[in-house]
Amino acid sequence: MELAFSAEELGFRDEVRAFIAKNLPASAKANGGRWPHWSKDDIVTWQRILNKKGWAVPHWPEEHGGTNWSAVQRYIFIEELLLAPTPEPLSFNVNMVGPVLCAFGNEAQKDFFLPKLRNLDLWFCQGFSEPGAGSDLASLRTSAVRDGDDYIVNGQKIWTSMAHRADWIFALVRTDPNAPKRQMGISFLLIDMTAPGVTVRGIKTIDDAHHVNEVFFDNVRVPISNRIGEENKGWDYAKFLLGNERTGIARVGLSRERLNRAKRLAEKLPAFNGALADDPQFRRKCATIEMQLKSLEITVMRVLDRQRRRNDSTPDPATSVLKMRGAEIQQSTAELLADVAGPMAAPTDAVRAAYEGDFPTELEETLGIIPHYFNSRAATIYGGSNEIQRNIIAKAVLGL
Amino acid sequence: MELAFSAEELGFRDEVRAFIAKNLPASAKANGGRWPHWSKDDIVTWQRILNKKGWAVPHWPEEHGGTNWSAVQRYIFIEELLLAPTPEPLSFNVNMVGPVLCAFGNEAQKDFFLPKLRNLDLWFCQGFSEPGAGSDLASLRTSAVRDGDDYIVNGQKIWTSMAHRADWIFALVRTDPNAPKRQMGISFLLIDMTAPGVTVRGIKTIDDAHHVNEVFFDNVRVPISNRIGEENKGWDYAKFLLGNERTGIARVGLSRERLNRAKRLAEKLPAFNGALADDPQFRRKCATIEMQLKSLEITVMRVLDRQRRRNDSTPDPATSVLKMRGAEIQQSTAELLADVAGPMAAPTDAVRAAYEGDFPTELEETLGIIPHYFNSRAATIYGGSNEIQRNIIAKAVLGL
Amino acid sequence: MDFELSNEQQLLKDSVDRLIADRYDLRARGKILESDAGWSREIWSTLADLGFLGLPFSAEDGGFGGGPVEQMIIQEAFGRGLLVEPYLATVILGGSAITLAASPERRVEILGGVTEGRRLLAFAHGERLSRYRLRQVAATARGDSGDWVLDGEKTTVIHGGEADTLIVSARTSGGKDDEDGISLFVVPANTAGVTVRAYPTFDGMRGADITFASVTLTSDALLGEADKAYPVIEHVEQHGIAAVAAESVGLMQAALDMSVEYLKTRTQFGRPIGEFQVLQHRAADMYVAVEEARSIAIHAAMMVGEADPAARRQAMATAKAQIGVSAREVGQSGVQLHGGIGITEEYAIGHYFKRLSMIERQFGDVEHHMALLASLEGPG
Amino acid sequence: MDFELSNEQQLLKDSVDRLIADRYDLRARGKILESDAGWSREIWSTLADLGFLGLPFSAEDGGFGGGPVEQMIIQEAFGRGLLVEPYLATVILGGSAITLAASPERRVEILGGVTEGRRLLAFAHGERLSRYRLRQVAATARGDSGDWVLDGEKTTVIHGGEADTLIVSARTSGGKDDEDGISLFVVPANTAGVTVRAYPTFDGMRGADITFASVTLTSDALLGEADKAYPVIEHVEQHGIAAVAAESVGLMQAALDMSVEYLKTRTQFGRPIGEFQVLQHRAADMYVAVEEARSIAIHAAMMVGEADPAARRQAMATAKAQIGVSAREVGQSGVQLHGGIGITEEYAIGHYFKRLSMIERQFGDVEHHMALLASLEGPG
């Protein structure tokens with residue numbers, strides 16, 4: 001057992017940090033300081049910079065662009081991106097559909113998609129949830145019926161993040177409605193968003209923004225060659241996807257970045273007595289979050305280390321701890337920021353218009369904070385709610 | 001709607017306070033300052049003083065010694081007792097079996113028992129829980145079989161508080177094992193603890209004390225005349241008992257008394273910087289508990305007020321809030337005290353012996369604190385655990 | 001002590017409940033928000049007709065002499081309906097400032113106008129760097145041969161863009177963090193040098209940033225005594241606390257009701273999610289939080305008129321802290337119980353969560369009031 | 001970074017685990033507690049034979065040169081077994097004080113005796129009114145023509161009644177709250193003027209109050225440099241933190257395991273209570289708390305030897321705070337999940353809860369370390 005970061009690992013961290021400092025475009029750097037963080041252009045540009053460097057998909061097999069880094073290196077890398085902050089490599093591409101293609105795609109699929117996923121030439125989104133199938137994913141109803149060399153897809157997906165920016169969607173569809181178990185009879189398709197019959201309707205969320213969508217499929221023709229793996233085995237690939245690459249799932253760097261932001265802002269604002277940054281309760285809250293992050297960070301490394309030695313592609317139920325605690329701490333930091341901003345968090349973005357081009361830059365600092373807090377409530381809902389994570393721990397870890 | 005205490009109510013509070021100051025015996029006053037609080041003698045003496053004053057059983061019908069006070073007066077009375085603190089009127093007698101006798105006892109039972117209950121000439125304990133029937137009370141198995149004018153009782157009770165001090169026990173027993181529902185076929189008996197076949201075995205608890213017991217019944221003869229009400233209707237009387245007189249259930253005065261004690265102790269002890277009493281986090285914790293107590297206190301009054309207007313003897317599910325929050329706040333105050341005492345809370349009572357009669361009085365202040373904290377964990381377990389209270393709220397209040 | 005409503009109070013409650021039920025469902029409110037003004041003059045007239053706009057003012061000031069219980073009844077219903085009209089700004093904040101500090105003539109003039117729905121007030125006190133610290137006032141008013149010259153900026157003034165009459169705090173002596181030396185002024189919104197930048201806020205209400213550039217006021221603009229406005233400002237904010245406390249109770253009860261309803265109807269894994277015990281218990285915790293808020297809102301109503309400033313300060317801080325704790329618990333749990341749809345604009349729960357979140361940040365948050373309470377000698 | 005145990009570490013773990021499994025179940029422990037001494041010399045000899053008593057000391061001091069991981073392995077097993085022998089007092093606290101401050105000769109003499117199981121140490125630092133403030137020392141030692149005269153009282157000294165050798169802090173200059181001016185002395189427990197009052201503590205361990213009345217010590221009683229003992233005392237307490245952190249992990253894991261087992265076997269309402277979702281989730285929260293504690297115990301082990309005092313201070317405060325938070329969560333939940341029997345002496349869970357509760361109060365509680373962390377400039 002060796003508990004400290006090695007000199008090599010610390011050197012690697014410095015290398016990543018220096019690379020970011022040198023290569024992050026000015027526009028992305030500026031947008032990192034406000035919410036919502038980045039434009040599509042920021043995200044695409046940065047991923048291409050990483051791809052050029054060979055760092056776009058560190059955890060993929062080397063023949064497809066992976067770096068063969070250790071789990072600790074991968075962790076250091078993603079956390080440095082979050083901490084800077086930089087745009088993150090698009091998770092749909094690099095953490096979700098990419099590894100599924102690497103593991104289960106045929107050669108033609110790999111050749112066509114993998115380079116485009118890496119370089120963000122194609123932007124994917126994820127079509128899993130349906131109106132009647134949220135936490136209960138297996139009850140999905142979108143159907144795909146064979147018709148010659150195609151499937152005819154009908155149905156509806158919901159909570160599809162960034163569908164309005166996406167070129168393709170990877171979707172779970174029901175290919176055998178008569179399968180004996182609900183988890184059977186599901187297939188995993190890649191669908192071109194420009195195909196006739198695909199419609200995207202934005203869902204406005206309470207942060208006054210457009211992140212998520214409904215996606216409707218009305219007799220959409222999807223070539224059978226766009227199915228990944230075997231027909232009716234889609235649930236296995238989805239489980240693989242959900243269990244795969246949880247390196248960044250705890251999002252420690254993101255929480256640290258927010259905490260730092262809250263501290264900076266607190267220096268300018270008053271508390272009941274004195275500066276907020278000197279307020280005992282504020283400092284204690286920051287110290288509590290730092291303590292939680294330290295515990296979480298070491299837990300992440302322990303899980304990664306175990307995964308390395310486990311050599312098993314099924315998801316480790318211990319990652320539920322990372323998702324659950326990571327989400328709770330993210331919410332704490334979003335709350336902390338919103339608490340710091342206080343009444344200054346109230347105005348919607350329309351306040352800019354009221355100033356007619358004369359908007360004071362200091363006001364930018366607090367402008368996105370409350371919608372960000374609102375949006376943070378989703379962290380314990382999406383990707384398996386915290387209730388689901390606790391169910392998993394109780395059943396899969398504790399055997400209850 | 002009239003929101004403030006009236007002048008009469010405030011006058012009543014002063015009267016109670018003055019009576020306590022004048023009449024509480026010196027020994028009870030001294031024992032109130034340490035844990036466990038009172039000797040049997042303290043409790044009996046004080047209840048007799050109250051009985052002489054006519055205040056032993058305020059909520060009983062007037063013909064049996066009640067005072068006809070308003071709900072607010074009853075609340076003020078019990079809270080003043082807790083705040084002083086004085087010994088409480090023995091709940092088994094005055095809140096449990098007494099009101100059941102008043103409502104369902106026959107004349108002979110009333111004539112014999114009620115005066116003795118009031119004056120604590122007989123000390124009752126409660127025989128409800130059994131080893132297999134904790135939260136699931138209705139699954140009790142202690143049996144009572146008719147034999148001439150007697151029942152023959154066999155079985156076991158557990159968690160019987162103060163059974164080792166008690167003269168009598170009121171117990172739920174199964175008189176019809178074949179009843180179609182578990183809640184049917186149960187009867188409510190009064191049993192003399194000195195009857196042959198009754199055995200009490202003390203259970204040592206983690207606070208190193210003897211509060212609770214197992215009570216064994218081995219062919220105990222109980223005259224049928226000691227059954228309250230009808231045979232096989234005991235569950236109804238038990239429900240009445242559990243729902244009856246929840247005035248003191250939130251125990252606001254008790255929590256206030258502990259909070260005051262913690263503040264006094266904190267004045268002598270240091271925190272990370274300066275006196276603990278000036279420590280921002282300590283003060284904030286105290287302020288939080290005070291806020292919770294204020295909210296709880298008003299909630300108690302609202303529930304009492306509603307009960308008055310409800311005119312219904314079935315329990316108000318809203319009292320679950322009082323039990324649950326009251327228990328949580330009691331635990332907070334016990335924790336606060338234990339936190340204040342810090343390492344000084346570690347010694348067991350055997351420390352007195354080590355001093356060979358030379359025990360410094362200052363050490364008395366912290367001596368009982370940690371066992372009291374340990375014991376406080378029972379507050380969310382007994383009398384319907386907090387899980388059960390939340391079930392009740394969800395089902396009976398929210399209709400889930 | 002008696003928690004039963006009198007017959008008159010019950011009538012008032014029926015009247016405001018009917019208004020909300022009949023004319024203020026989420027659809028109607030959505031239409032109002034989409035209108036140019038972002039609030040409804042028609043509703044405002046109805047509020048005037050029903051006597052709600054003059055409710056707290058005494059008869060000699062042109063009002064109806066309602067007490068704290070009446071006010072609580074109204075505000076709770078407004079909370080349930082998520083009312084976006086400038087009632088808090090005009091009647092509660094502006095109204096109490098005038099009631100507390102103005103001369104009898106001024107009171108009649110201004111409050112009479114408010115009661116009839118002709119006048120809209122706003123209380124312009126907070127500044128960009130003041131957060132919740134009431135004594136931190138950087139705007140200045142300088143005496144100038146009988147007149148006053150006002151300079152400075154006020155931010156996130158509640159319904160500041162709607163008001164015709166602004167009540168503005170400014171420093172007339174002392175340093176920016178002194179309690180002494182603050183004065184209040186009545187400033188018509190259309191006075192030269194006043195620039196109002198109005199915008200919507202996340203709760204469907206509206207705010208404004210208002211700058212005062214050498215605004216010249218005559219001597220009668222001064223409201224109350226010069227340099228001595230701090231206790232008035234504190235008391236105005238306490239009236240705000242009592243009002244949002246009652247409003248919160250309406251918001252929370254509605255949030256609880258709709259969450260319970262959702263638990264009963266939404267199915268997952270083949271059964272209503274309300275059968276899952278953890279969700280039942282979370283709903284039970286929401287219920288407890290609502291009950292605590294309701295109790296403390298009653299306390300706030302009881303104490304907002306208390307003459308002893310120290311007792312009042314403690315009570316109002318206790319109330320606002322508890323409201324903040326409950327609001328967060330109920331708002332966040334309501335969203336969580338709704339799952340994904342909880343954070344969409346289409347469902348009601350998100351709107352309640354947003355208003356509750358804003359109320360947390362009005363008139364001091366939990367930490368502010370806890371720090372205030374911790375600084376007081378406890379009641380022992 | 002690598003969390004895998006080396007072969008040697010795995011052997012050590014197997015050895016201590018076997019000891020606990022074979023000879024330290026709750027029954028065996030109960031018998032030890034009922035004995036006059038309240039702990040077992042026989043077990044102590046076995047600990048010596050297995051090399052555990054000299055584990056952390058260097059070979060030149062007569063020990064076995066074990067590192068922080070080895071120490072963690074041992075302590076975790078001791079936690080699982082609720083070991084009541086004076087290991088913390090003698091090896092960790094006493095041992096680290098000697099290691100940090102004594103001359104090479106003294107080290108060999110004392111630590112050699114400890115390693116062989118012949119010597120028992122105690123660290124007598126806390127006083128009645130010092131609580132967790134390490135610099136608050138009222139006991140005094142006065143120089144008297146080459147000798148020292150020691151006066152004062154030390155309270156709740158861990159295993160102070162068992163030790164033959166006390167390491168005592170006393171003020172040799174400065175005021176009672178100064179960091180400077182504190183010195184450490186090695187005092188044989190049988191020195192004239194030393195009165196030891198020993199008693200059991202609630203966790204099955206033992207404590208003592210020790211008074212020093214004009215205790216005359218020769219000059220070689222001084223441990224390290226006069227007036228400069230504060231950094232040593234702080235570091236000794238940090239060794240204590242690392243040790244109880246690892247011990248807590250053992251305690252918590254055992255508490256979790258037995259609670260889960262209870263949920264699987266206890267039936268109410270006709271089914272195992274482990275089928276109730278709220279109890280499942282509470283167990284899941286316990287699991288998370290144990291994992292966090294385990295992670296931070298690793299951090300503590302990693303940092304307790306850190307040369308930079310500031311970095312070490314931050315790490316050890318973080319560790320003790322997290323341990324305290326987890327200990328309370330796991331201990332209280334374990335009892336709650338057991339229901340009534342959870343608070344009886346007959347069941348194991350209560351004993352784990354008690355030891356965890358005591359650890360919360362050793363070497364500073366959550367609030368103390370949080371205040372320390374909040375006083376530091378954060379790592380930004």
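Chain letters run A, B, ... following the sequence lines, proteins first, then strands; residues in each count from 1.
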Interface moiety of [X] toward chain A, non-hydrogen atoms closer than 4.5 Å:
| X | value |
| --- | --- |
| C/Q336 | both |
| C/L279 | side chain |
| C/Q268 | both |
| C/A371 | both |
| C/S130 | backbone |
| C/Y132 | side chain |

TODO: For C/S169 and C/K154, test the side chains for any donor-to-acceptor distance below 3.5 angstrom and give the result as yes or no.
DONE: yes

For chain A, which of [options] has the most heavy-atom pairs under 4.5 Å?
| options | answer |
| --- | --- |
| C/R328, C/H351, C/H369 | C/R328 |
| C/T201, C/I343, C/L129 | C/I343 |
| C/R206, C/M205, C/R282, C/E346 | C/E346 |
| C/G339, C/G364, C/G161 | C/G339 |
| C/D365, C/D209, C/T195, C/V366 | C/D209 |
| C/Y199, C/Y347, C/F276 | C/Y199 |

Open item on the list: Once you measure the plane-to-plane angle for A/F128 and A/F170, does it fall in the parallel (<30°), tilted (30-60°) or perpendicular (>60°) bin?
Closed with: perpendicular

In terms of heavy-atom proximity below 4.5 Å to chain C, should [X] be classed as side chain, backbone, both, or neither?
| X | result |
| --- | --- |
| A/A353 | neither |
| A/D279 | neither |
| A/Y373 | side chain |
| A/L276 | side chain |
| A/E362 | side chain |
| A/T380 | both |
| A/F374 | both |

TODO: State, yes or no, whether a side-chain contact exists between A/S255 and A/R251 at a heavy-atom distance under 4.5 Å.
DONE: no

Shortest non-hydrogen contact between [X] and [Y], atoms and distance:
| X | Y | value |
| --- | --- | --- |
| A/P270 | C/Q136 | CB-OE1, 3.8 Å |
| C/V84 | C/L33 | CG1-CD2, 4.0 Å |
| A/P131 | C/R266 | O-NH1, 2.9 Å |
| C/G160 | C/L166 | O-CD2, 4.0 Å |
| A/G342 | C/R361 | O-CD, 3.6 Å |

Task: Test side-chain hydrogen bond (donor to acceptor under 3.5 Å, both in side chains) applied to A/E214 and A/Q156, step by step - done: CA-CA 7 Å; A/E214 291 173 290; A/Q156 181 194 347; 2.6 Å; yes

Donor-acceptor pair, side chain of [X] and main chain of [Y], under 3.5 angstrom:
| X | Y | answer |
| --- | --- | --- |
| C/R29 | C/L82 | yes |
| C/K320 | C/Q362 | yes |
| A/T205 | A/A209 | yes |
| A/D358 | A/Y355 | no |

Chain C: which of [options] shares the most heavy-atom pairs with it under 4.5 Å?
| options | answer |
| --- | --- |
| A/N375, A/I203, A/N273 | A/N273 |
| A/D339, A/I158, A/N386, A/I370 | A/D339 |
| A/A378, A/A271, A/S385, A/S139 | A/A271 |
| A/E356, A/K285, A/R390 | A/K285 |

Open item on the list: Counting only heavy atoms not in C/R27 (residues, nucleotides, ligands), do more than 12 fall under 6.0 Å from its CZ?
Closed with: no

